[in-house]
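Below is one structure, written out as structure tokens; comments come after it.
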2 protein chains.
Amino acid sequence: MASPANPKPVDVTRLKTVCSACSLRELCLPAGLDSAALAEVDRLVNRRRHVKRGDYLYHAGGALQALYAIRSGFMKSCVLHEDGREQVAGFHMMGDLMGMDAISTARHMCDAVALEDTEVCEIPFAYLEQLSRELPSLQHHFHRMMSREIVRDYGVMLLLGSMKAEERLAAFLLNLSQRFAARGYSSSEFNLRMTREEIGSYLGLKLETISRVLSRFQEDGLISVRHKHVKITDLAALRALIGRAPCQ
Amino acid sequence: MASPANPKPVDVTRLKTVCSACSLRELCLPAGLDSAALAEVDRLVNRRRHVKRGDYLYHAGGALQALYAIRSGFMKSCVLHEDGREQVAGFHMMGDLMGMDAISTARHMCDAVALEDTEVCEIPFAYLEQLSRELPSLQHHFHRMMSREIVRDYGVMLLLGSMKAEERLAAFLLNLSQRFAARGYSSSEFNLRMTREEIGSYLGLKLETISRVLSRFQEDGLISVRHKHVKITDLAALRALIGRAPCQ
DNA sequence: CAACGACTTTGACCTAGGTCAAAAACGATT
DNA sequence: AATCGTTTTTGACCTAGGTCAAAGTCGTTG
């Protein structure tokens with residue numbers, strides 16, 4: 001079970017934690033760096049920030065100061081339409097890098113909101129560019145992370161553009177499952193940090209549809225859901241749902 | 001009107017054209033570089049490639065060799081689902097940079113197909129990384145281009161996730177219009193290079209819906225369409241379509 | 001522990017867009 | 001100019017998912 005950030009108020013040893021000693025080292029920005037490079041990156045990532053549940057890490061329109069690597073917690077990013085409609089563009093967890101949308105115009109193009117108390121490492125962007133000119137491995141890994149975001153986005157387009165409700169939700173659950181697994185948590189049992197409405201927004205569906213499809217999955221023995229808690233009971237069947245082409 | 005690549009077979013002077021003399025200089029990778037940097041980039045971009053209508057620039061799964069800047073022509077990129085479903089992830093024209101999805105895994109994650117005869121400049125990726133370590137302005141602009149792709153993708157998510165058919169198509173036409181304008185072509189009159197089916201795939205709709213909505217726009221006096229030729233006759237009304245929130 | 005608000009579930013009904021089918025229009029080729 | 005294949009248009013009908021409404025469940029706070 002993913003436990004939330006340690007509730008102890010301020011722990012000096014933890015505040016001093018650096019990339020080189022971080023358990024997310026191999027998932028996060030410094031993945032694959034040698035120890036010399038890692039020491040440099042320790043200096044790059046100099047500040048932590050706590051974002052309380054419901055609070056914003058940054059707002060659309062705000063100036064780019066830094067990129068943010070999530071240390072613990074859970075966030076969503078939302079694109080806004082002028083008329084107030086909002087589209088969840090992604091859910092982010094430990095090791096994920098946020099804020100890359102802002103590099104283009106030096107202003108954030110989406111909101112980042114904490115879905116539970118979250119701790120992030122601040123990565124001053126100007127300094128990251130400078131350092132990545134000196135450290136080819138850092139440079140390359142940063143490029144890989146931006147590219148990975150593009151690939152992820154393509155996956156979401158595929159989801160939104162050509163899958164039906166059941167497939168979308170199956171893909172969503174499998175994606176969460178796999179990301180939890182990659183972080184050492186259970187791949188079969190986890191808590192959803194977001195509401196049905198937020199899942200719906202992400203998947204281009206209404207919250208009632210999410211609720212109904214989850215119920216149907218449960219009836220069919222694919223999962224068991226109780227509120228935010230999900231247990232995948234038939235992984236193969238869930239995978240089969242998105243594999244086959246029911247249309248055409 | 002955008003004229004296709006010169007049909008003369010091989011023109012040596014054109015083959016020798018370099019970034020510093022390219023009319024797309026300010027849209028493309030070298031945007032904003034000083035003349036010293038530009039001279040370096042001239043050496044970086046050493047090869048051209050012609051892709052005939054219907055041919056692939058690269059395939060999903062293929063190894064990343066280079067990024068590609070479009071000099072002339074028109075392309076689409078498609079994400080593939082294992083079951084054969086395909087989702088058009090984007091349409092690309094002169095000055096656009098393609099292939100950034102491949103940096104993440106060193107393999108392309110989508111297909112790139114020419115919708116008309118297209119000429120691209122090959123940008124060897126390893127060399128681009130090397131050069132951008134030496135030229136901060138190139139480095140920064142490259143980052144901006146990757147970020148711009150992420151922002152574009154967020155826009156597509158908004159489109160697919162929370163807009164209805166008419167809004168999607170209006171947004172699509174306005175986007176094309178604006179991109180043609182940025183390249184010195186008419187913003188109000190242009191040829192669609194893609195089929196109704198490809199538009200539909202991009203917008204998460206069926207080709208019949210595209211056809212119907214285009215006809216409706218024409219009846220309402222927003223545009224006039226004849227096959228691939230589109231003329232925007234009421235820009236304001238088209239804009240108004242995506243501005244207001246008809247639902248909720 | 002009562003009460004409130006936020007979230008979820010479920011049912012009944014409706015509609016935007018999908019599906020199927022047929023005809024028309026085009027463009028490339030002979 | 002005739003033919004073929006591709007693309008587009010339009011109509012008739014259908015269904016997945018949206019909408020509206022009501023009841024149930026939870027966590028939080030006084």
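Here is the naming used below: chain letters follow the sequence lines, and residue numbers restart at 1 for every chain. All figures in this text were calculated on a predicted structure; none of them were measured in a lab.
One can place CZ of B/Arg53 at 11 Å from C1' of D/dT7, the figure rounded to the nearest angstrom. Between the P atom of D/dG18 and the CG atom of A/Leu203 lies a distance of 11 Å, rounded to the nearest Å. Nucleotide C/dT9 holds its P atom 7 Å from the CG atom of A/Leu214, rounded to whole Å. In this structure, the CG atom of B/Leu169 is 15 Å from the C1' atom of C/dA16, given to the nearest Å. At whole-Å resolution of the value, CZ in A/Phe217 and P in C/dT9 are 14 Å apart. Atoms CD (B/Glu167) and P (C/dA16) sit 12 Å apart, rounded to a whole Å. The interatomic distance linking B/Leu207 (CG) with C/dC20 (P) rounds to 13 Å, in whole Å. The distance from atom CG of B/Asp117 to atom P of C/dA28 is 12 Å, rounded to the nearest whole Å.
Side-chain nitrogen and oxygen atoms of B/Ser211 include none within less than 4.0 Å of the OP1 or OP2 phosphate oxygen of D/dT7. Between B/Thr209 and C/dG18, a side-chain N or O to OP1/OP2 separation shorter than 4.0 Å is present. Distances shorter than 4.0 Å separate some side-chain N or O of B/Lys228 from OP1 or OP2 on D/dT8. OP1 or OP2 of D/dT7 has not a single side-chain nitrogen or oxygen of B/Thr195 nearer than 4.0 Å. Here A/Arg196 reaches the OP1 or OP2 of C/dT8: one of its side-chain N or O atoms lies under 4.0 Å away. Between B/Lys206 and C/dT19 there is a side-chain N or O to OP1 or OP2 distance below 4.0 Å.
In this structure, the side chains of A/Ile223 and A/Lys231 stay at 4.5 Å or more apart for every pair of heavy atoms. The closest side-chain heavy-atom distance from A/Met146 to B/Glu149 is not below 4.5 Å. With contacts defined as side-chain heavy-atom distances shorter than 4.5 Å, the pair B/Ser77/B/Cys110 qualifies. Two residues are said to be in side-chain contact when any heavy atoms from C-beta on lie closer than 4.5 Å; A/Leu238 and A/Ile232 meet this criterion.
The side chain of A/Glu208 approaches D/dA21 more closely than any other nucleotide in the set D/dT10, C/dG17, D/dA21. Checking D/dC20, C/dG17, D/dG17 against every side-chain atom of A/Arg212, the shortest atom distance belongs to D/dC20.
Residues B/Met163 and A/Ile210 each lie close to DNA chain C; by heavy-atom proximity, the contact nearer the 5' end of the strand is made by A/Ile210.
For the salt bridge (Lys or Arg N to Asp or Glu O under 4.0 Å) with B/Glu116, the qualifying choice from B/Lys228, B/Arg193, B/Lys52 is B/Arg193, the only one to do so. With B/Asp96 as the fixed residue, the side chain to side chain donor-acceptor pair (under 3.5 Å) test singles out one of B/Arg179, B/Arg148, B/Arg152: B/Arg179.
For B/Tyr185 and B/Phe190, the distance between ring centers is not under 6.0 angstrom.
The residues A/Glu166 and A/Arg212 are annotated as not salt-bridged, no charged nitrogen and carboxylate oxygen being separated by less than 4.0 angstrom. Ion pairing of B/Glu198 with B/Lys76 is present here, as a side-chain N (NZ or NE/NH1/NH2) and a carboxylate O approach within less than 4.0 Å.
Axis angle across the helix from C/dC1-D/dG30 to C/dT30-D/dA1, with five pairs used at each end and values rounded to 10°: 40°.
For the side chain to side chain donor-acceptor pair (under 3.5 Å) test, no residue two or more places apart in sequence or in another chain qualifies with B/Ser147.
Looking at heavy-atom distances under 4.0 Å, A/Gly200 makes no contact with the nucleic acid at all.
Of all the residues in residues 218-227 of chain B, B/Arg226, B/His227 reach under 4.0 Å from DNA chain C with at least one non-hydrogen atom.
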